[in-house]
Amino acid sequence: LIPDMRYIEPTRVKFLLMMFFATGILGIIIGLSGFTPPSFKMMITFMGVINIGLGAFFVFIYLTQTRKDPDKRKKKRKTD
């Protein structure tokens, strides 16, 4: 059911998931705080929840992706 996705370097995935979680938490905190205008409270909070969901998706990618096999065509052969 899950399509085979491209391999993404683990450091890049970690960076993306940290960014999504950080902006999601910050969005929820700002959205629920008192100094946010009432017309934007729900929208900012909802965007924070979406960012948390995207962070969870990247955690899923990080935990389930398989290691990329080295390309055997580029490997040099030893001539003895």
Side-chain angles (χ1 to χ4, degrees):
L1 291 175
I2 299 173
D4 189 27
M5 293 190 291
R6 244 179 90 216
Y7 178 79
I8 306 173
E9 299 170 2
T11 54
R12 185 171 291 177
V13 177
K14 285 180 194 175
F15 177 75
L16 284 170
L17 70 91
M18 284 189 288
M19 289 301 296
F20 278 122
F21 277 130
T23 56
I25 290 169
L26 190 65
I28 290 173
I29 290 171
I30 290 174
L32 296 177
S33 66
F35 62 88
T36 307
S39 59
F40 291 125
K41 271 189 185 290
M42 192 63 152
M43 184 174 66
I44 293 175
T45 306
F46 185 64
M47 287 183 177
V49 171
I50 289 173
N51 277 329
I52 296 285
L54 286 170
F57 174 69
F58 278 103
V59 167
F60 171 75
I61 288 176
Y62 178 70
L63 293 175
T64 58
Q65 76 177 351
T66 57
R67 215 168 208 345
K68 188 176 183 180
D69 293 331
D71 195 358
K72 293 180 180 177
R73 293 176 294 170
K74 294 180 182 177
K75 194 174 183 180
K76 286 188 174 181
R77 294 183 181 177
K78 288 187 179 180
T79 54
D80 292 325

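Every value quoted in this text rests on a predicted model; they were computed, and no experiment measured them.
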**OP:** Answer with yes or no whether the hydrophobic clustering places Ile25 together with Phe57; edges join I, L, V, M, F, W, Y residues whose side-chain heavy atoms lie under 4.5 Å apart.
**Re:** yes
**OP:** Could you grab the distance from atom OH of Tyr62 to atom OG1 of Thr11, nearest 0.5 Å is fine?
**Re:** 9.5 Å
Original post:
Of the non-hydrogen atoms in Arg6 and Gln65, which two are nearest, and what is the gap between them?
Top reply: O-OE1, 4.3 Å
**OP:** Specify the closest pair of heavy atoms between Ile44 and Thr36, including all atoms of both residues, with the distance to one decimal.
**Re:** CD1-CG2, 3.9 Å
**OP:** List for me each residue that meets side-chain contact (heavy atoms from CB on, under 4.5 Å) alongside Leu26, sequence neighbours excluded, and say none if there are none.
**Re:** Ile30
Original post:
According to the ring pair (Phe, Tyr, Trp, His ring centres under 6.0 Å) rule, which pairs have a member within residues 25-49, sequence neighbours left out?
Top reply: none
Original post:
Do Leu32 and Met47 sit in the same hydrophobic cluster, where Ile, Leu, Val, Met, Phe, Trp and Tyr count as joined when their side-chain heavy atoms come under 4.5 Å apart?
Top reply: no
Subject >> Met43 CE: over 12 foreign heavy atoms closer than 6.0 Å >> reply: yes
**OP:** With sequence neighbours excluded, give me every ring pair (Phe, Tyr, Trp, His ring centres under 6.0 Å) pair touching residues 12-32.
**Re:** Phe20-Phe58
Original post:
What distance do Ile61 atom CD1 and Ile8 atom CD1 have between them, rounded to the nearest 0.5 Å?
Top reply: 5.0 Å
**OP:** Decide whether Leu54 and Met19 are clustered together by the hydrophobic rule: side chain heavy atoms of Ile, Leu, Val, Met, Phe, Trp, Tyr closer than 4.5 Å, transitively.
**Re:** no
Subject >> Between CD1 on residue Ile50 and CD1 on residue Ile28, distance to nearest 0.5 Å >> reply: 10.5 Å
Original post:
Just how far is it from atom OG1 of Thr23 to atom CG of Asn51, taken to the nearest 0.5 Å?
Top reply: 3.5 Å
